[in-house]
Engineer: 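Below is one structure. I have some questions about it.
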Amino acid sequence: MINVFDIERYATKDGPGIRTVLFFKGCNLRCSWCQNPESWSFKKQLMYYKNKCSGCGKCIEVCPEGAVFLSEKYGFITDHDACTGCGRCADACFFDARRVVGQDYDIEQLMKVVLADRHFYRESGGGVTFSGGEPLLQHREVREIAERCRAEGIHTAIETAAAVDWQIIESLLDVIDLFYVDLKHIDNAEHLKYTGVGMEKILANITGISRCHDNVVVRIPVIPGVNHSEKTVKHMLDFIYRETAIRKVELLPFHRLGSGKYDGLGFEYPWASFSNVEKTECAGYTDYGRMLGLDIGIGAV
């Protein structure tokens with residue numbers, strides 16, 4: 001079974017044309033600015049919406065594990081270690097203030113979802129995008145779905161941090177039409193500090209993909225306090241230009257749209273004090289990238 005935490009149909013920012021995006025649950029990075037903290041764990045989790053809650057406490061009464069408790073700061077949140085994801089608290093809530101995040105699918109179920117929109121893929125040049133979390137942690141399932149898509153003439157794309165063994169990436173090179181690869185920093189110590197993972201494997205994989213695949217886009221999230229500096233971004237762009245064959249780069253300015261999810265999970269949001277990064281703040285980065293000869297833009301296109 002494949003654990004997916006969301007399926008977005010009619011998406012337009014995760015590859016060309018109209019797409020279906022499959023968000024795989026589970027990630028081996030812990031980026032402190034992440035907008036999808038519900039993607040980290042492979043387990044099903046309970047998301048709580050405080051603004052919908054009546055305060056009746058029924059969720060506490062029905063939980064067989066005693067995992068739901070009242071937090072002064074967050075409200076009726078869940079101890080995720082104790083929770084089994086049974087969903088009884090969500091079923092008992094009359095106000096839709098609780099939702100199970102993560103659903104198990106088999107290949108046939110996901111393909112049914114994918115094939116429902118093949119007319120839109122055909123008309124728009126779209127397809128399917130594997131995202132997450134980190135979809136490469138379920139690479140065998142990704143390959144099987146990608147093979148099925150290819151047999152149906154459906155374009156495939158993947159969004160990855162590439163923090164896996166090269167053999168995993170290599171196993172998908174022949175079935176993925178477009179790779180989006182994140183580059184979050186260029187300094188190993190800084191990357192380790194903010195994501196929990198070092199850079200060596202990622203940089204090697206980006207270089208390796210560029211030598212084996214001719215349709216790769218590097219995405220750089222521009223994060224205040226992490227990599228939002230002329231020196232750091234220029235160093236990243238220099239690496240892409242000099243060490244890889246990749247010429248397409250997208251800068252993704254930081255925003256706080258996912259901050260409410262942290263509250264719903266009972267997590268502290270580390271970037272609460274930071275403002276969104278405006279596109280105008282990234283103009284100098286695009287100028288430098290174009291000077292190098294990169295096809296660089298701001299925002300997912």
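Since the structure is predicted, the reported quantities are computational estimates derived from the model, not experimental observations.
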Engineer: Below 4.0 angstrom, N of the basic side chain to O of the carboxylate: do Arg122 and Glu152 qualify?
Structural biologist: no

Engineer: Classify the side-chain pair Tyr49/Arg98 by whether it contains a donor and acceptor separated by less than 3.5 Å.
Structural biologist: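 No, no side-chain donor-acceptor contact under 3.5 Å.
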
Engineer: Between Arg150 and Glu147, is there a salt bridge with N-O shorter than 4.0 Å?
Structural biologist: no

Engineer: Quick test of your reading of the model: are Glu144 and Arg140 salt-bridged, counting only N-O distances below 4.0 Å?
Structural biologist: no

Engineer: Thinking salt bridges, do Glu38 and Lys25 make one under a 4.0 Å N-O criterion?
Structural biologist: no

Engineer: Whether Arg9 and Asp117 form a salt bridge (side-chain N of Lys/Arg under 4.0 Å from carboxylate O of Asp/Glu) is what I want to check.
Structural biologist: yes

Engineer: Answer yes when Lys43 and Asp81 have at least one side-chain N-carboxylate O distance shorter than 4.0 Å, and no when they do not.
Structural biologist: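 No, this pair does not count.
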
Engineer: Can you pull out every ring pair (Phe, Tyr, Trp, His ring centres under 6.0 Å) where at least one residue sits in residues 204-231? Sequence neighbours excluded, please.
Structural biologist: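 Listed once each, the pairs are Phe179-His213, His228-Tyr285.
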
Engineer: I'd like to know whether Asp295 forms a salt bridge (Lys or Arg N to Asp or Glu O under 4.0 Å) with Arg247, so could you lay out the CA-CA distance, the side-chain angles of the two residues, the decisive distance to 0.1 Å, and finally the verdict.
Structural biologist: CA-CA 6 Å; Asp295 179 8; Arg247 291 299 175 262; over 6 Å; no

Engineer: Got a sec: does the NZ of Lys44 have more than 12 other heavy atoms crowding it under 6.0 Å?
Structural biologist: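 Counting other residues, nucleotides and ligands, NZ of Lys44 exceeds 12 neighbours.
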
Engineer: Using side-chain heavy atoms (C-beta onward) and a distance below 4.5 Å, is Tyr74 in contact with Glu268?
Structural biologist: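 In short, these two side chains touch, coming nearer than 4.5 Å.
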
Engineer: Salt-bridged, Asp165 to Lys201, with N to O below 4.0 Å?
Structural biologist: yes

Engineer: So, are Arg148 and Glu108 salt-bridged, with charged N and O less than 4.0 Å apart?
Structural biologist: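 Glu108 and Arg148: salt-bridged.
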
Engineer: Measure the shortest side-chain to side-chain distance between Gln103 and Val4 over non-hydrogen atoms and say whether it is less than 4.5 angstrom.
Structural biologist: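 Heavy-atom side-chain distance check fails, nothing below 4.5 Å.
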
Engineer: Do the non-hydrogen side-chain atoms of Thr160 and Tyr180 ever get within less than 4.5 Å of each other?
Structural biologist: no

Engineer: Which pairs pass ring pair (Phe, Tyr, Trp, His ring centres under 6.0 Å) with one or both residues in residues 96-133, sequence neighbours excluded?
Structural biologist: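 Residue pairs with at least one partner in residues 96-133: Tyr10-Phe120.
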
Engineer: Is the shortest heavy-atom distance from the side chain of Val142 to the side chain of Ile158 under 4.5 Å?
Structural biologist: yes

Engineer: With heavy-atom distances below 4.5 Å as the criterion, would you say the side chains of Cys63 and Arg88 are in contact?
Structural biologist: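 Result no, sub-4.5 Å side-chain heavy-atom pair not found.
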
Engineer: Is there side-chain contact between Arg219 and Glu159, with heavy atoms separated by less than 4.5 Å?
Structural biologist: yes

Engineer: Do Phe42 and Leu137 have side chains that get closer than 4.5 Å, going by heavy atoms?
Structural biologist: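 The answer is yes, as the side chains (C-beta and beyond) meet within the 4.5 Å cut-off.
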
Engineer: If you link ILVMFWY side chains whenever their heavy atoms are less than 4.5 Å apart, which other residues fall into the same cluster as Leu46? By chain and number, please.
Structural biologist: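 Result for Leu46 is Val100.
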
Engineer: Compute the centroid of each ring, for Phe274 and then for His255, and state whether the two points are separated by less than 6.0 Å.
Structural biologist: no

